[in-house]
Each structure stands twice: as structure tokens, then as C-alpha cells.
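No hydrogens, no waters, no symmetry mates; every other heavy atom, side chains included, goes into these values. Reminder, nothing fancy here: chain letters follow the sequence lines and each chain counts from 1.
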Amino acid sequence: MQIAATYDPEGFRDRGFVQAITDDGAEAGPARAVADLEAEVAALEESGGPRWVWPATADIAPALLRRGVRVDRCHDLALTEALLLAYEGHCGEPRSLGAAWARLHGLPVPEDRAEGTMAAPADNPTTQPALFEPDRSRLSADVDPLRAVREVYAEQLRRIAATANPGAFRLLVAAESAASLAAAEMAHHGLPWRADVHSQILEEVLGPRPLDGSPPREMVAMAARLAEALGIRALNPDSAAQVTKAFSDAGVKLPSLRRWELEGIDHPAIPLLLKYKELSRLYSFNGWVWRDTWVVDGRFRPEYSVGGVVTGRWAARGGGALQIARRLRKAVIADPGWLFVSADAAQLEPRILAAMAQDPGMAEATQSDDMYSALAGVFEGSRDQAKLGLLGAMYGQTGGGAAAPLALMRRRFPKATALLDDAAREGERGRLVRSQLGRTCPPPSQRWQSAIAGDAEADAADDSNRRSGQVARARGRFTRNFVIQATAAEWAEVLLALLRQQLRTLDGPQLVFFQHDEVLVHAPREHAAAVTEMIIQCATAAGRLVFGPSPVRFPMSVHSVECYGDAK
DNA sequence: GCAGTTTGCGCC
DNA sequence: AAAGGGCGCAAACTGC
């Protein structure tokens, strides 16, 4: 059964409307106004788990979770709209229910409300329900909201049926919707984070916390040593201009201040500069201010944005959730009696390539848990060369140390190479490419379009032609990588959706973190073994769902640990 | 003086 | 011959 549900766009956020609908979005019962939509969802969920068809999970799920309501399945109209718009070549157009409804009726389309930067938890404690969630449905007051849900849903089903592979697209929509539920649950649970351990790390590396907000002891000391090594009185190592000038005065020309460039330069001040950058990064990115802002009641609660990246990866706002520095993972410690089951897909992207391209040689290599080692023989006995060849092909690298392994890649894995080259060529011509399930890249930007068009302009200056070529090739690298990254992201979302279902059969384990190809489940100790088994099975099932019968293996590297820092 | 852009880092 | 894809964030820098 399916139930359309929406808040009253005009009223207080508790009020809403519900109505049973058929598989194709027609009315299957009376429309009902309810005084407390969340209570209504809870009751209906209790009595048999419908599929909820609603404007946006992100708008309702946090409130439901605060009231202890967990929803089994949904169809997220906004996320689906975004997938369909991209498929149809209109990536980036407004995707709210109101926008979709307006497009359907040829009316002016409202802009989406910005997702906005998340208020830090100190200002907006998640433990305290906000009086109003932002209404992102953008539905105008004179529209019957249930009618809008039904009509947009029915239209989406028609548009899905019109895609080249409706079954695949349906899976994509289901996975994306399930992922939106998982994201809300992870934000709700939060990642266990020990503020005291975090402080300990900071003090070991930076010295005691300065009380007045000035830079900590070790940074000041390193800056002083750096100045001394350069023979000057003082400098601000954060200022590129000052650093470049100081090295120049010392007779060293720096091509840039990138770490990998600096590492190739022989000067006694270079290691000091690198060390300073390391300290500075920790201090400014994950220092005491970060901890005070983002760690509340022993939990780090970022806000995830499902579909926030064009490739289908999640984005996160607030606290740099998807860039938790490895050294800080020591502060991620399970509650007493609990463990983290940490799982990451080993070498996901080359496996995705092997499955998409149905390349027999690469598929054979996926039988191994370490593809690169399995392929070392092909790459003159070097695991590193194998890795360079595979990654270089997927990222569109051409020169440098990758040239030789890329040539081998081309010769030994022609089907895989052809898939990537085709994607790159399509991109260079300004065309769209799609993932395995149908997620579609954005059309070329204005800059790309004029650059690609500029190629044809006979009287364009050489300089302009060269720039055009560069821009077109950059687009080619993007589309080349898009097909792989987007398919990897959807494989991971399918895995997450399956795992979320499985975990519901246990009492206790919670998804607390997801990062592209890695999941973290916080589980009572006695459930860790069962969770481990579930993850491994879900990975295999995800491969079958996304690719059908395929010899390609998707092994997971799974560890049960008390501390996330010990996971790898 | 403020807002937008650039640079560089680190995560995948 | 050849600048490897995606992101978020902080500080410096640039332009108005």
C-alpha cells in the first residue's frame, strides 16, 4: 500500500494531509486532514508499513525520529524529481514538489529554498525540536497539496517508464529514497565522539589550549623556527605571498605551495613549513573550536545531503563530516558494551568498472580481495603500477608515471578502456553520460559550451583554441570519471538500503556513518558478528541488483572495533 | 569594510 | 607534450 503524506504548507508544521493512493498515483481512499501528521505516520506505520509518498524525506524524517518514529519505505518526490530532471538534460532545475507541480501545469516555477548552511548544534540543539522545520515544498497556497503529490507522483512514474531502462531507474529511485531515510537516521543518532580523547590529541600535537584564541604553542614555535631557517625575523606561514617572498629572498623559487611540490625541494626550511601546515590544518579544521561547535553530548551530528553531489555521492554540511581526519578517528569510541562494525568496499571503483564494462580480464581479477596484486603480473610485476594504471584510466590521467601502465591497461583490458574512452569522448562533444542505473551528468556549463563551440570558430586565435581544447578535455575527464563514480555511489546506496532493512531485524545496532564506500554500524557487542555477516551479504546482493548476473566480486573489509581509529 | 574568489588540504 | 575525478572548509587574497 502507498500513502501520500504532506504537511500543510500553510499551517503549523504538525498539521498535514494523508491519503491512500494506488500504484499509479490515483486516489485509493479519502483525503484526510490530520492535526498531527507525525502521530498519524506513526500509527499507519505501526499498522502495516506503507510506502510513503511525500515531498521530501529531509523535511519530515528528523521530526519523526525525534518522536521515535522509524519509517520503513518511502518515495522521495524531490530526490526523484532531481534524478529525472538530470536524465532529461535539465540538471539543476528546481526539484521541490511546488516546482514539479508548476512545471506540470505550465506555471512559473519557484526556486528551491536553499538547503542553507546548517546551524551549529550549539545554536540549534537537535535534542530540542525546532518549532518549525523549513518548508521546502514551495507549494503555493491555492494548490491542494495531496493533489499535487498525486499528480507529480503519477507524472514521475510515467517519466521513469519512458527512460531507456525503467527497471534500473526504479531501483535508483528506491535506493535514493531509502538512502534519504538512512541519512536522517544517521544524523539523528550521531557519531559517538569522545571530546576528552579529542582534547588529548590536540594537546599532544599543538600544546595546551590557548585561552585567548591565539595560535597554540607548537604552531608559534614552528613559525619561529621557520623564520629563523629563512634568515628573517618573522613571517606568517599562512600567507602565500610572505612565504614565496621569503624563500625567493633565500634563493629558492617555489613553483607553488602545494605539499607535493614542496616535498621535491631541498632546503632546510621546507620540512618546517610542511610541519607548520600540518599543525595549522589540525588547529583550524579540527581544533578546539570545531570540537566545541560540533560535538554535543558525546555525539558528532553532521547534516548529510543525499544526492548533494552530481555523481550521486552524498555531501555533508557542517563540521566537514566526510573529511574526518584519520588522526582524529581515535576519538570515535563506541559506548561501553558496544562496538563499531566498520566496513569498506575494497577497491570499489575498479570493480565497478569491471562489472559495467563486462571486461573478462578485469572480472577475473575481482575474484581476489586485492585486485591490484592480482593484476601485478599484467603490469610487469608491480602492484603499484597496476594501481596507477587502473586509477589513471578512470581519472583520465595521461602523462607522468602513468603513461606506461596506461598503455598496458589499454592492451590488456580493451573493453574496460573502451567504456572509459567512450565516456570521455561523449563528454568532449558536449553530450551527457549516464551511470549503470541512469543517473545522468549535468550538461556542459556555459563555459564548456562556448569553449566547445569555440573550437569550430575558424578565426579563433590559437590561444583561444588551446584553451577550448583544455576545457573540452576537462569535460571529458569529468564524464569519464562520472560513469564510474556515479555507479559506485549507487552501488553503495543500494548496499546501504539493504543493510538498513536487515538491521531492523536486530534490536540495537544503528547506522552512524557512511562515507562513499564505507559504513559504520554502532552495535551492542553481542550483535557484532551478525552485523558483519549482514554487511558481507548485502554487498553481494547490491552487486546482483545493480549489475544482474556478473562474475564480479564486491568484497567488504569488515572490522569490529571499539575505536574507529583501529578499523584500518 | 564586506563579499566573492582562490589556494591548499584532506577525505573518498 | 599532455594539469587525474568528486567534495567541504579555512585563510588569504581580490575587487568593489
If I take atom CG in residue L520(A) and atom P in nucleotide dC11(B), what distance separates them, rounded to the nearest angstrom?
16 Å

Could you tell me whether the phosphate oxygens of dG8(B), OP1 or OP2, come under 4.0 Å of any side-chain nitrogen or oxygen in K277(A)?
no

For G476(A) and E428(A), which heavy atoms make the closest approach, and how far apart are they?
CA-CG, 3.8 Å

In terms of side-chain heavy atoms of N236(A), which of dA12(C), dC9(B), dG4(C) is nearest?
dA12(C)

Please give, in whole Å, the distance from dC12(B) C1' to W491(A) CH2?
14 Å

Separation of dA10(C) C1' from R281(A) CZ (nearest whole Å):
9 Å

Along DNA chain C (nearest heavy atom to each residue), the more 5'-positioned of E349(A) and A315(A):
E349(A)

So, D370(A) and S368(A): side-chain donor and acceptor under 3.5 Å apart, yes or no?
no

Taking only the side-chain heavy atoms of F285(A) (C-beta and beyond), determine which of dG8(C), dG5(C), dA11(C) contains the nearest atom.
dG8(C)

Which nucleotide in the list dC9(B), dC7(C), dA12(C) gets nearest to the side chain of D238(A)?
dA12(C)

Which pairs with one or both residues in residues 349-358 of chain A pass side chain to side chain donor-acceptor pair (under 3.5 Å), sequence neighbours excluded?
Q347(A)-R351(A)

If I compare all heavy atoms of C441(A) with all of F482(A), which pair ends up nearest, and what's the gap?
N-CZ, 3.3 Å

Identify whether any heavy atom of R313(A) sits under 4.0 Å from a base atom; if not, whether one sits that close to sugar-phosphate; answer base, sugar-phosphate or nothing.
base

Remember a base hit wins even if backbone is also touched, and classify Q515(A) as base, sugar-phosphate or nothing at under 4.0 Å, heavy atoms.
sugar-phosphate

Within this structure, what is the CG-to-C1' distance between N481(A) and dC12(B), rounded to whole angstrom?
11 Å

Could you check how far CZ of F482(A) sits from P of dC7(C), rounded to whole Å?
11 Å

Rounding to the closest angstrom, what is the interatomic distance between dC9(B) and dA2(C) at atom P?
23 Å

Using heavy atoms to find the nearest nucleotide of DNA chain C for Y283(A) and T311(A) separately, return the residue whose nucleotide is more 5′.
T311(A)

Below 6.0 angstrom between ring centroids: does that apply to W314(A) and H516(A)?
no

Find out whether the Lys NZ or Arg CZ of R477(A) is both under 6.0 angstrom from the six-membered ring centre of Y395(A) and within 45° of the ring's axis.
no

Of the listed dG10(B), dA10(C), dC12(B), the closest approach to the Q323(A) side chain comes from dG10(B)

Measure from the ring centre of Y395(A) to the centre of the six-membered ring in the base of dG4(C), then say whether that distance is under 5.5 Å and the planes meet at under 30°.
no

Identify whether any heavy atom of R259(A) sits under 4.0 Å from a base atom; if not, whether one sits that close to sugar-phosphate; answer base, sugar-phosphate or nothing.
sugar-phosphate

In whole angstrom, give the distance that lies between atom CD1 of I324(A) and atom P of dC9(C).
12 Å

Go through L353(A) and F413(A) one step at a time and tell me if the side chain to side chain contact (heavy atoms under 4.5 Å, CB included) criterion holds.
CA-CA 11 Å; L353(A) 173 60; F413(A) 306 117; over 6 Å; no

Mind checking if R477(A) touches a base, just sugar-phosphate, or nothing, with heavy atoms under 4.0 Å?
sugar-phosphate

Heavy atoms only, 4.0 Å cut-off, all strands: where does A316(A) land among base, sugar-phosphate and nothing?
sugar-phosphate

Please pick, from dG5(C), dC9(C), dC11(B), the nucleotide with the shortest atom-to-atom distance to any side-chain atom of R326(A).
dC11(B)

I need the CE-P distance between M556(A) and dC12(B), as an integer number of Å.
14 Å

Touch class at under 4.0 angstrom, heavy-atom based, for L348(A) against every strand present
nothing

Counting the atoms with a prime plus P, OP1 and OP2 as sugar-phosphate, which does A403(A) contact under 4.0 Å by heavy atoms, base, sugar-phosphate, or nothing?
nothing

Mind checking R329(A) for me? I need base, sugar-phosphate or nothing, with any heavy atom below 4.0 Å counting as a touch.
sugar-phosphate

In whole Å, I'd like the distance from the CG atom of L254(A) to the P atom of dT7(B).
16 Å

Would you say dA1(C) has OP1 or OP2 under 4.0 Å from some side-chain N or O of T398(A)?
no

Shortest side-chain distance from Q470(A), nucleotide among dG5(C), dG10(B), dA3(C)
dA3(C)

